[in-house]
Amino acid sequence: MISFSDLLPEIKKRPTLYLSRYSIFDFQSFYYGYDLARNQLGLPKSEKDQEFEEFLSWLRARYKIETTQSWASLILFHSGDERDALDRLFDLWEKFQNCDRNRVSSAVS
């Protein structure tokens, strides 16, 4: 089964192929469905799947907000609408990956 972080570029290219609407909340539902399916099938979380969960923690730290609101609501709060929030999520994912790569390359140097 493909990891969720490997699916992200595909979803970014053609969101409505995976989501019913171009919406951060539809994306969140898709993610929860993906996670539920893996759990129901008894599949362990891969390192790449754990990477997306780390990203969600990184989001909370980036916005410096401790709340019970979902990460999708947090992104929406800083966006114009649900579509903009989804675009922002993809941008933040790329920033997270670059930040993570920089930490890894610094540790290796």
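Only a predicted model underlies this, so the values are computations on that prediction, with no experimental measurement involved.
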Margin query: Does Phe27 form a ring-ring contact (aromatic ring centres under 6.0 Å, His included) with Tyr22? I'd like the steps, not just the answer.
Written below: CA-CA 8 Å; Phe27 177 87; Tyr22 198 118; over 10 Å; no
Next item on the list: For Tyr18 and Asp26, run side chain to side chain donor-acceptor pair (under 3.5 Å): C-alpha distance rounded to whole Å, both residues' side-chain angles, the deciding distance at 0.1 Å, then the answer.
Entry: CA-CA 9 Å; Tyr18 298 89; Asp26 282 24; over 6 Å; no
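Atom CG of residue Leu76 and atom CG of residue Leu89 lie 12.0 Å apart, to the nearest 0.5 angstrom. The OG atom of Ser5 sits 10.5 Å away from atom CD of Gln50, with the distance rounded to the nearest 0.5 Å. Remark: Arg21 CZ to Leu86 CG distance equals 10.5 Å, nearest 0.5 Å. Atom CG in Leu8 sits 9.5 Å away from atom CD1 in Ile2 (nearest 0.5 Å). Taken to the nearest 0.5 Å, the CG atom of Asp87 stands 12.5 Å off from the CD atom of Glu82.
Note on Leu36 and Ile11: separate hydrophobic clusters, where clusters join Ile, Leu, Val, Met, Phe, Trp and Tyr whose side-chain heavy atoms are under 4.5 Å apart, directly or indirectly.
Minimum heavy-atom separation, Leu74 to Arg60: CD2-CA, 4.1 Å.
Between the side chain of Asp49 and the backbone N or O of Ser3 there is no donor-acceptor pair closer than 3.5 Å. The main-chain N or O of Pro44 is found under 3.5 Å from a side-chain atom of Arg38 such that the two form a donor-acceptor pair. At distances below 3.5 Å, at least one donor-acceptor pair connects side-chain atoms of Ser23 with backbone N or O atoms of Phe25. A side-chain donor-acceptor contact under 3.5 Å links Ser79 to the backbone of Ile75.
A salt bridge is defined here as a Lys NZ or Arg NE, NH1 or NH2 lying under 4.0 Å from an Asp or Glu carboxylate O, and Glu51 with Lys48 fails to meet this definition. Between Glu94 and Lys12 there is a salt bridge, since at least one side-chain N of the basic residue sits less than 4.0 Å from a carboxylate O of the acidic one.
A distance below 6.0 Å separates the ring centres of Trp93 and Phe96. Aromatic ring centres of Phe77 and Tyr63 lie farther apart than the 6.0 Å criterion allows. In summary, the aromatic rings of Phe55 and Trp71 are positioned with their centroids too far apart to meet the 6.0 Å limit.
Residues Ser46 and Phe4 fail the side-chain proximity criterion, which asks for heavy atoms closer than 4.5 Å. Asp84 is listed as a side-chain neighbour of Arg88, based on a closest heavy-atom distance under 4.5 Å. Side chains of Ile24 and Arg83 form no contact here, defined as non-hydrogen atoms less than 4.5 Å apart.
The 12-atom threshold is exceeded at OH of Tyr32, counting heavy atoms of other residues, nucleotides or ligands nearer than 6.0 Å.
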